[in-house]
Amino acid sequence: MSESFDVLEPRIDLGQWVEDAFDWFTETFEVVLDGIDTGLGWAYETLLSGLNAPPFLVMIAIFGALGWLARSWQFAIFAVLGFYLIAGMDQWEGAMQTLSLVLISAAVAVILAVPIGILAAKSQPVSNVVRPVLDFMQTLPPMVYLIPALAAFGIGEVPGIIATVVFAMPPGVRLTELAIRQVDAEVVEAGQAFGSPPGRILRQIQLPLALPTIMAGINQVIMLALSMVVLAAMVGAEGLGLDVLSGLSSLNVALGVEAGVSVVIIAIYLDRIVAALADRAPVVKAAKVRD
Amino acid sequence: MTAVRAEGLFKVFGRKQDEAVRRLLDGASREEVTKLGATPAVIDASFEVQPGEIFVVMGLSGSGKSTLIRMLNGLWTPTAGSVYVDDVDIAKIDAAKLRQVRQQKISMVFQHFALLPHRTVLENAAYALDIQGVSKEERRAKAVEALELVGLKGWEDKYPAQLSGGMKQRVGLARALAAGSDIMLMDEAFSALDPLIRREMQDQLVELQASLNKTIVFITHDLNEAMRLGDRIAVMRDGRIVQIGTAEEVLNDPANDYVAQFVADVDRTRVLTASSVMEKPQYVVNADAGPREAQHVMREKHVSAAFAVGRRDNRLHGVVYDEDVVAAVKRGDQKLDKIIKNDVAAVQEDAYLADLFAPSAESKLPLAVVDQAGKLVGVVPRVTLLAAMASITESPDQDPGAHSLQPVSAAGAASGQEGAAQ
Ligand SMILES: Nc1ncnc2c1ncn2[C@@H]1O[C@H](COP(=O)(O)OP(=O)(O)OP(=O)(O)O)[C@@H](O)[C@H]1O
Ligand SMILES: [Mg+2]
């Protein structure tokens with residue numbers, strides 16, 4: 001490589017190097033990757049079969065009930081009508097697959113993002129490292145990391161989940177870091193001044209006060225995960241994305257619209273549910289209490 | 001034993017902190033070290049706070065007060081110097097021990113209250129106890145007690161968002177009281193409150209301090225607050241403590257022009273006390289001796305009235321007048337007590353000058369100054385009071401009268417009414 005390098009006609013084999021590094025990585029960590037593959041695959045299948053276990057009308061009732069519990073009867077009606085529409089458009093199966101994929105991806109993204117965000121908030125060096133990595137993850141076209149995900153896990157749901165996690169995680173980290181940093185310094189000082197150990201300050205003061213903003217981050221994670229369904233379908237993940245893709249390739253407007261509307265209904269449903277949970281945060285509730 | 005002791009404390013932010021400390025110790029000015037890229041926030045601060053004392057640190061914004069108080073409980077580590085809490089150097093103990101010191105010995109009240117918004121008033125008041133690992137029932141009992149002390153009984157189940165500023169700070173105070181530590185650090189604890197509430201809180205703090213005997217380090221930028229609260233006051237300027245003394249010392253004997261200017265517009269008649277202007281009693285007769293001796297003393301001093309004071313206990317019994325003394329001598333009385341009149345105008349030694357004007361105006365004799373036991377410790381002749389007033393109103397940079405005379409006459413009228421009512 002280096003002996004034939006010509007300054008005037010440069011050819012820098014970055015792609016090759018990354019591929020070599022990646023090959024080394026997949027071989028060295030084969031066990032780990034296999035574990036991830038099995039784990040995520042199992043989680044996805046389990047959730048999906050759970051969603052498919054009851055007849056769809058029962059499932060719709062459950063979605064409605066959850067909506068009622070979390071928000072209001074109006075929202076419950078919206079949920080019931082929305083999911084009934086999905087079933088009526090023959091998108092139920094794809095919708096449940098997409099819902100499973102999104103929920104698993106978002107869960108993994110949140111499980112990774114929140115602790116990283118907390119670490120970044122507590123340590124400037126960590127923050128300095130994390131920030132450019134997040135920028136990188138967000139600006140790199142998602143198609144690009146579909147390739148290694150595909151190479152490592154083969155066709156199926158798992159590479160879709162991995163790519164979705166990578167794409168959806170950054171706002172979770174950023175908003176968690178911001179949320180913790182934004183917590184009133186005086187209240188944290190109060191914890192210290194009364195002799196509370198750091199872990200307890202995190203648990204009793206920083207996390208509860210940061211929760212509304214962290215929830216906003218989680219919401220964004222879910223929305224970004226939903227926006228990845230078409231890309232996930234490209235690596236073989238089943239679901240609504242697949243219908244959009246086939247609508248695209250066969251110029252089938254009807255199919256594309258039906259799949260697209262289903263995605264939107266799921267998006268609104270999840271968004272409103274998470275927002276309702278954010279309103280249940282103790283700080284938010286306490287601020288609203290009137291005699 | 002001192003409650004809190006600071007020895008050569010430095011806190012420098014920014015770059016080259018240690019070099020900055022070295023140069024400051026060598027006599028460099030703050031500006032010189034600032035050129036290094038260092039921000040000295042506290043420079044060579046040393047003081048001792050005695051148990052049961054209210055020690056006020058006063059200074060303008062940015063003078064380093066918050067930085068100083070945060071070093072006292074180790075929230076911030078000094079760049080140089082040591083802090084002793086109950087004679088333990090808190091820099092020499094590990095993190096766990098330091099947390100123990102904070103749990104048991106030293107609590108804090110914050111400028112913006114720093115309550116946990118998602119916890120009720122009761123839970124907030126119990127917070128320190130929760131950290132200490134106190135059982136739930138005991139926690140509750142102590143928190144309820146502390147809330148009652150600060151006048152928040154019945155508010156236990158509210159959330160901070162439902163309270164006014166003054167009430168929030170009462171919760172902050174209750175939290176510190178419930179912690180049960182002897183030392184309380186208060187960083188501008190009342191600065192965010194409006195003036196009337198603030199006065200109320202100051203009075204309450206003084207009361208609480210008197211009954212609970214806490215050691216309090218109180219930060220303020222408000223001179224009047226400092227004067228009202230402080231047993232002693234440390235004046236800070238640009239990171240240095242420029243003077244430590246009682247309110248009167250700071251007022252009457254400012255260490256430099258800066259302090260003099262700082263104290264220029266304080267209402268001295270509300271700070272200076274009778275004991276700061278009183279003079280040695282001249283016309284005193286022995287209340288236990290007979291009228292003959294009294295007559296002798298009064299003739300010697302050319303006075304027509306005199307204070308009758310017990311010889312052994314020095315207690316003020318009252319006044320005797322010349323005509324009564326002469327009559328008693330003529331009658332051949334052996335004792336003075338029948339002619340001692342108690343229409344004497346006596347004031348406590350810690351009475352403010354502002355409260356002396358009314359009694360002084362009504363009394364023919366100089367005001368008698370007595371201590372708590374009723375012993376005569378001095379007198380304030382009217383001329384002395386007027387002279388003190390004159391020197392007060394001559395203080396620099398203000399038009400005389402506007403500041404000092406106005407409140408005085410108002411206060412005089414008020415205390416006059418009180419006197420009449422009694
Ligand atoms: N974390 C920090 N980093 C850098 N400089 C600081 C920091 N904290 C305080 N300072 C500086 O130290 C100096 C003293 O600040 P400090 O907060 O102790 O003042 P203060 O007397 O409490 O003022 P205020 O009345 O405004 O609260 C100021 O010049 C401030 O800019
Ligand atoms: Mg301050």
Side-chain angles (χ1 to χ4, degrees), chain A residues 114 118-119 121-125 128 175-176 178-218 274-291, chain B residues 66 69-70 72-76 95-121 123-133 155 157-163 171-172 175-176 178-181 183-189 192:
Chain A
V114 171
I118 292 172
L119 280 180
K122 295 219 152 191
S123 141
Q124 198 53 48
N128 292 342
L175 282 172
T176 303
L178 179 75
I180 299 277
R181 283 185 190 266
Q182 265 181 349
V183 169
D184 187 348
E186 225 186 39
V187 183
V188 176
E189 258 185 350
Q192 294 167 337
F194 286 105
S196 182
R200 213 160 164 184
I201 292 179
L202 182 66
R203 210 155 29 80
Q204 293 183 323
I205 297 177
Q206 288 170 307
L207 282 180
L209 297 203
L211 194 56
T213 309
I214 294 179
M215 290 299 280
I218 291 177
V274 174
L277 291 182
D279 283 345
R280 299 263 169 104
V283 248
V284 179
K285 281 211 307 213
K288 284 192 190 141
V289 176
R290 292 281 161 262
D291 315 85
Chain B
S66 293
I69 202 170
R70 276 164 177 70
L72 299 185
N73 62 353
L75 282 181
W76 290 355
K97 277 262 171 55
L98 179 59
R99 283 202 291 272
Q100 240 170 36
V101 168
R102 290 176 184 163
Q103 285 173 16
Q104 286 156 13
K105 302 210 159 150
I106 195 160
S107 53
M108 197 160 180
V109 181
F110 293 84
Q111 178 170 5
H112 301 104
F113 328 131
L115 303 178
L116 305 190
H118 58 300
R119 296 205 179 177
T120 62
V121 165
E123 288 165 344
N124 267 289
Y127 176 72
L129 299 163
D130 179 22
I131 301 301
Q132 290 169 17
W155 291 82
D157 297 324
K158 305 279 182 202
Y159 284 94
Q162 294 171 275
L163 307 186
V171 179
R175 174 172 66 181
S181 42
I183 306 166
M184 296 209 306
L185 305 179
M186 305 181 73
D187 185 7
E188 306 231 14

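Small disclaimer: the values here were computed from a predicted structure and weren't measured. The chains referred to below are lettered A, B, ... by the order of the sequence lines, with proteins before strands, and numbering in each begins at 1. Quick note: numbers below take in every heavy atom, side chains included, and nothing from hydrogens, waters or symmetry partners.
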Which residue out of B:Met108, B:Arg119, B:Arg175 racks up the most heavy-atom pairs below 4.5 Å with chain A? B:Arg175
Contact origin within B:Leu98 toward chain A - heavy atom pairs under 4.5 Å: neither
Where do B:Pro117 and A:Ala286 come nearest, in terms of heavy atoms and distance? O-CB, 3.2 Å
Out of B:Asp130, B:Thr120, B:Ile131, return the one with the most heavy atom pairs under 4.5 angstrom to chain A. B:Ile131
Heavy-atom cut-off 4.5 Å, strictly under: side chain, backbone, both or neither for B:Phe113 against chain A? backbone
Distance check, rounded to the nearest 0.5 Å: A:Asp184 atom CG versus B:Phe110 atom CZ? 10.0 Å
Max heavy-atom pair count under 4.5 Å with chain A, selected residue of B:Asn73, B:Leu116, B:Val109: B:Leu116
Is it the backbone or the side chain of B:Arg70 that comes under 4.5 Å from a heavy atom of chain A, or both, or neither? side chain
At their closest point, which heavy atom of B:Gln103 faces which heavy atom of A:Phe194, and how far apart are they? CG-O, 3.2 Å
Name the member of A:Ala190, A:Ala185, A:Pro282 that forms the most heavy-atom pairs with chain B at distances under 4.5 Å. A:Ala190
Could you measure the distance from the NE2 atom of B:His112 to the CD atom of A:Glu189? Nearest 0.5 Å is fine. 12.0 Å
Residue pair A:Pro208 / B:His118: nearest heavy atoms and the distance that separates them: CB-NE2, 3.5 Å
Please classify the contact between B:Leu185 and chain A as side chain, backbone, both or neither, with a heavy-atom cut-off of under 4.5 Å. neither
Of all heavy-atom pairs between B:Gln111 and A:Glu186, which one has the smallest distance, and what is that distance? N-OE2, 3.5 Å
